[in-house]
Amino acid sequence: MIIVFKLGTNEETLGKVKELVEKQGIEVSVTKGAQQTIFGLIGDTSTINIGQLEMNDAVEKVMKIQEPFKKANRAFHPADSVINIDGQKIGGGHFTIIAGPCAIESEEQFMTIAKAVKEGGANFLRGGAFKPRTSPYSFQGLGKKGIEIMEMAKKETGLPIITEMMSAKQVEKFGDRVDVIQIGARNMQNFDLLKEVGKSKTPVLLKRGLCATYEEFLMAAEYIMAGGNENVVFCERGIRTFESWTRNTLDVSAVPVIRRKSHLPIVIDPSHAGGINWLVEPLSRAAAAIGADGITVEVHNNPEEAMSDGQQSLLPETFAKMVDKINVLRKVMSEIDG
Ligand code: PEP
Ligand code: MN
């Protein structure tokens, strides 16, 4: 971190700031020009409050050099992280296909969809047992029963299961009964929840918050990793913009940016990004073409009567056709990438 002082700052002020920084266990290297002084801060500056330093009238600006995320940072872990779940891999050149309904509605519904998506090429089964609905009057999910249904579907299909958990209590109770815990967009900065999944051994699918910057997204992963759970997968699911024709705006730049900054895998959720069934395939193609590590797609056998997100759910046969096309695209991509 660098502190640049205003022209002509006197020795007394410089001394006070130096003392203040050194009190926090940080070494200060002083560079003096003809009129301007610069402090180089050496040590762990992650706890330094930049805003507070800039409150000092003598300070022109404070610049961060190091990034605040460490465990998630590619600088300290150059190779791609590969998350291995029951033999299914996420990251490191594998294109993972996660599919299933938005919500688990009944045993029959979930089993039917689970078998169909497996047939269609899915590697993981998704389904919501606890649903974060905008309205308290909307279907909230089957809860514990939903987890039991997922376990049955895993037995039947052999596919690992992913479900969202919304509270520390749910993680404590059900965290080790699923293969991946999903942290939803609305909870990306629920720090108590992030700490709880950090303590868990179950891998985490971390969805980007509705208005989260890349740094906030990376810091949310850092929270989980700092707790000891290093198996984190990012999920770009669209962000809020001024555009209202689509549910959200898929930020495709998130893939190359996050991959550059972090070694963790990143998948795309075309369903919640677009919010409309006919947008799912083009956005999934974009995911494959831009080098995402996979997609998570909502699939329903009867979208018209789905209890949640039917409008953006693909029929199993449409999903299967899309996966075939994505596989062609993946082959082309591997030729380009060599
Ligand atoms: C979901 O995956 O079902 C979901 C609710 O997603 P998000 O948290 O991205 O809105
Ligand atoms: Mn949904």
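Note that ligands are numbered from 1 as they come in the structure, with each ligand's atoms numbered from 1 the same way. By convention here, the first residue in the shown sequence is residue 1.
- In this structure, atom 4 (C) of ligand 1 lies nearest to the protein heavy atom His272 NE2, 3.4 Å.
- Considering just the N/O/S atoms of Glu298, the one nearest the Mn ion (ligand 2) carries the name OE2.
- Remark: ligand 1 atoms within the under-4.0 Å shell around heavy atoms of Arg237 are 7 (P), 9 (O), 10 (O).
- The closest donor-acceptor contact from the side chain of Thr96 to the backbone of Gly294 lies at 3.5 Å or more, if one exists at all.
- Under the 4.5 Å side-chain heavy-atom criterion for grouping Ile, Leu, Val, Met, Phe, Trp and Tyr, Ile162 is not connected to Phe234 through any hydrophobic cluster.
- Using a 4.0 Å cut-off between charged nitrogen and carboxylate oxygen, Glu151 and Lys155 do not count as a salt-bridge pair.
- Counting the atoms of ligand 1 from 1 in the order shown, those under 4.0 Å from a heavy atom of Gly184 are 8 (O).
- Of the candidates Phe69, Phe217, Phe191, Tyr223 forms a ring pair (Phe, Tyr, Trp, His ring centres under 6.0 Å) with just one, namely Phe191.
- Heavy atoms of Arg208 come nearer than 4.0 angstrom to ligand 1 in no pair at all.
- Of the protein's heavy atoms, Lys207 NZ, 2.9 Å lies nearest to atom 6 (O) of ligand 1.
- A salt bridge links Arg259 with Asp80: the distance from a Lys NZ or Arg NE/NH1/NH2 to an Asp or Glu carboxylate oxygen falls below 4.0 Å.
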Candidate pair Asp309 and His272, rule side-chain hydrogen bond (donor to acceptor under 3.5 Å, both in side chains), full reasoning
CA-CA 9 Å; Asp309 286 351; His272 292 88; 3.1 Å; yes

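- Considering backbone and side-chain N/O of Glu164, none are found under 3.5 Å from N/O of ligand 1.
- Here the CG-CZ distance, from Leu264 to Arg74, works out to 9.0 Å after rounding to the nearest 0.5 Å.
- A salt bridge is absent between Glu172 and Lys169; no separation between the charged side-chain nitrogens and carboxylate oxygens falls under 4.0 Å.
- Applying the 4.0 Å criterion to heavy atoms of Glu298 picks out, from ligand 1, the atoms 3 (O).
- Sorting the N, O or S atoms of Asp309 by how far they are from the Mn ion (ligand 2) puts OD2 first.
- Considering backbone and side-chain N/O atoms, Asp269 never comes within less than 3.5 Å of an N/O atom of ligand 1.
- At under 3.5 Å, a nitrogen or oxygen of Ala185, whether backbone or side chain, sits near a nitrogen or oxygen of ligand 1.
- Around the Mn ion (ligand 2), the two atoms SG of Cys102 and NE2 of His272 are separated by an angle of 160°, to 10 degrees.
- Here is the list of ligand 1 atoms found below 4.0 Å of a heavy atom in Arg186: 7 (P), 8 (O), 10 (O).
- Residues Arg186 and Glu164 are not paired through a salt bridge, judged by the lack of any N-O separation under 4.0 Å between the basic side chain and the carboxylate.
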